[in-house]
4 protein chains.
Amino acid sequence: MVDTILEAAAGVLAERGYAGTSTNLVAERAGVSVGSVYQYFPNKDSLVHALHERHAGQMFQVIEAVLGTGPRVTLRGHIEAIVRALMAAHLVEPRLHRVLEQELPFFDVPKADDSPSDKGILVRIRQLLELHQAEIVPQDVQLTAWVIQRILESMVHAAVLEPPPGFSMPVIERAIVDAVMGYLGAR
Amino acid sequence: MVDTILEAAAGVLAERGYAGTSTNLVAERAGVSVGSVYQYFPNKDSLVHALHERHAGQMFQVIEAVLGTGPRVTLRGHIEAIVRALMAAHLVEPRLHRVLEQELPFFDVPKADDSPSDKGILVRIRQLLELHQAEIVPQDVQLTAWVIQRILESMVHAAVLEPPPGFSMPVIERAIVDAVMGYLGAR
Amino acid sequence: MVDTILEAAAGVLAERGYAGTSTNLVAERAGVSVGSVYQYFPNKDSLVHALHERHAGQMFQVIEAVLGTGPRVTLRGHIEAIVRALMAAHLVEPRLHRVLEQELPFFDVPKADDSPSDKGILVRIRQLLELHQAEIVPQDVQLTAWVIQRILESMVHAAVLEPPPGFSMPVIERAIVDAVMGYLGAR
Amino acid sequence: MVDTILEAAAGVLAERGYAGTSTNLVAERAGVSVGSVYQYFPNKDSLVHALHERHAGQMFQVIEAVLGTGPRVTLRGHIEAIVRALMAAHLVEPRLHRVLEQELPFFDVPKADDSPSDKGILVRIRQLLELHQAEIVPQDVQLTAWVIQRILESMVHAAVLEPPPGFSMPVIERAIVDAVMGYLGAR
DNA sequence: GATGAATGAGCATTCATTCAT
DNA sequence: AATGAATGAATGCTCATTCAT
């Protein structure tokens, strides 16, 4: 039931935007009654929030998966894989992601568990940077990770939602990787 | 009159966010009647769009002014000046900018195409790149300008609205310049 | 417009009680739109409150009129006139009064003006008692007025809404007067 | 079970008023499911009516107890005992009584006819009056009992819920007794 | 009997927009 | 042009009630 509602909400949100999404519409789309929506979500915003959490979790797992692939030795290889994975994930339902991510950045930590694997994307990037600290120019890992996070987020979104006309995705992808690597001074 | 209304709208928008802004409230704040608002703006969204346009225009002028300063020889010098000017411009009314840049696209279903001012900025950046083409690595000026515009926009906004804790503005500013220059391979 | 709405509200309230009264219904009954109701009354309760004020004002005027009649010399004569007037006023729209008065007592002071004539019913009763202090047994005018207020209010309501079976109004009226006079020890 | 539910309903009603009381809340407070509430009470109103009935029953028993005490010879002694007992009973849970006696009829469109307990009280008062018929002035016992019941009810409620400022309970109690005795002409 | 998830009619309230003055 | 009272569709949300388990 929760899933049915979330799926319906995702659809309505993608099609009509936040303002155009009403709880009654979501319920109708889900084939349940409004009351059932409110049984599981205290208000409209919590619905969107849940969708958001779900997406943030997915993005986190995408990055986890990429970084866990093991012997992908070079830094550039890692960055390439991350960018490719993020792009792929965002191309699935771009409309929904636009709505979702323009409210809150997708880098939000999904949960604050104690499990060491749940520290969020920012931590993962920092770990990656520390692993390759010898190869990169900026010395403050904290600040550098913040910058990279911004670059990745804004460019992946822009690439999916309003790509510069006349360039193929692989070319754009490469430009994003270049931007990150250029900043790291590790071209 | 148009200006009075826009000013009022800017105030209300900054104070109460998009959802909290009503045409009646704007009219009251402007000291005119709702009818007068509708005399000049066909609907609520056109009001907000006008504000957005105004902001984009201001940013364009800021860049124009910087690039027109003449004998600022180095590329890094230009970039530094642009970043500094953008930061300064955004620090003036951060609350309004937050609404304009974070909330507006969220509530505004049909994604407004790039405004003329945005296009203008893109052109200016391209011109700057062409002027210094010898010093930079990426060869496609069009794509490079697009990337740089993304980086500038997202990082300036992030710096103003949610700066990484523990870093001073000059440090952050420098990081943004480094990111751009790094991408250009012209560190 | 305000009056149209109040009239409609009075009708709906009398027919369906407080819980059964909806702002939309009132608007429909008044032949205006809900929006217009909210133009003049900030919320549902304020509607009921306004009706209440109106009624309290009417009751106050009824009493004013009676006591101002001048040379009605005896205390009993005054009390009789008051009871008769209150009964008459309540027999007009008993259903509405029931709803109105079971929420707040009808003795509420209508307004707290500076005008000496606007001190409320309680004050009027006290004045009457002071005028005839020689004839009555209870000595504390304040407390006595409070008791009489209670007796009048509860018995007039009861007489109109659930009269004891088998007794005519004049008989009941007389019983109320007897109760008041008996308490005053001035039978 | 029925009692658990009624107890929970009394608590919720006292704390949150009629409008703030929902069957789900009562069920939760009682530690049972809504379904179980509906097993014993066909609807929300029947719950509140049951509570009302219970209260009326308690008042009846209070009066029974007082009048059954036997050799309390004088009429005034009986009235005093009744008033004192009623006051004591109402001081126990004034908030619940306020809801039951002020809010309930306001929300409850069809005026419930006098409950059997109310009738019982009326009968008891009549018996008392008949016992002392020689001492009292009003001759119609039926009407006189009705008047006294009104006076007792309204004044005890008023004394508990909105006592006149500056008077102690014993003084107020005495005033109530005086009112009843005065009406009976047996001061 | 007991449960509680599901229902959905209904409600108070908002606000962009219109149009007679 | 300017006004602002009037509009009414639409929204988020509640809660008494049902019924399959």
Counting only side-chain heavy atoms from C-beta out, which of E:dA12, E:dA16, F:dC13 sits nearest to C:Asn24? E:dA12
Give each protein N/O atom lying under 3.5 Å from an N/O atom of nucleotides 19-21 of chain F, with the pair distance.
none

Take the protein atom NZ of B:Lys44 and the nucleotide atom P of E:dT18, then report the distance between them rounded to whole Å. 15 Å
Starting from C1' on F:dC15, measure out to OH on D:Tyr18 and report it in whole angstrom. 12 Å
Watson-Crick or G-U counterpart of E:dC15, or none if no pair lies under 3.5 Å: F:dG8
Could you check C:Gln39 against A:Asn43 and say which one's nearest nucleotide on DNA chain F is further toward the 5' end? C:Gln39
Is C:Glu15 close to C:Arg29 at the side-chain level, that is, under 4.5 Å between some pair of heavy atoms? yes
Do C:Ser154 and D:Glu153 make a side-chain contact, defined as non-hydrogen atoms from C-beta onward lying under 4.5 Å apart? no
A:Thr23 side chain N/O closer than 4.0 Å to the phosphate oxygens (OP1, OP2) of F:dG12? yes
Contact nearer the 5' end of DNA chain E, comparing C:Leu25 with B:Val34: C:Leu25
Look at all strands and tell whether B:Ser46 reaches a base, only sugar-phosphate, or nothing, counting heavy atoms closer than 4.0 Å. nothing
So A:His52 and A:His55, would you call those rings parallel, tilted or perpendicular, with 30° and 60° as cut-offs? perpendicular
Identify whether any heavy atom of C:Ser22 sits under 4.0 Å from a base atom; if not, whether one sits that close to sugar-phosphate; answer base, sugar-phosphate or nothing. sugar-phosphate
Base partner of F:dA1, which must satisfy Watson-Crick or wobble distances under 3.5 Å: none
Is any side-chain heavy atom of C:Val32 less than 4.5 Å from a side-chain heavy atom of C:Met1? yes
Among F:dT17, F:dA6, E:dG1, find the nucleotide with the atom closest to the side chain of C:Met1. F:dA6
Given F:dA6, is OP1 or OP2 found less than 4.0 Å from the side-chain N or O atoms of C:Tyr40? yes
Carboxylate-amine/guanidinium contact D:Glu93 D:Arg98, below 4.0 Å: no
Nearest whole angstrom, please: distance from the P of F:dT11 to the CZ of A:Phe41. 20 Å
How many Å lie between CG on D:Asp45 and C1' on F:dC15, as a whole number? 13 Å
Between C:Ser33 and F:dA6, does any side-chain N or O lie under 4.0 Å from OP1 or OP2? no
Could you check whether atom CD of D:Glu28 has more than 12 heavy atoms from other residues, nucleotides or ligands sitting under 6.0 Å from it? no
State plainly whether the residues A:Glu7 and A:Arg54 are in salt-bridge range, i.e. N to O under 4.0 Å. yes
Protein-nucleotide distance (C:Glu28, atom CD; F:dT7, atom P), rounded to Å: 13 Å
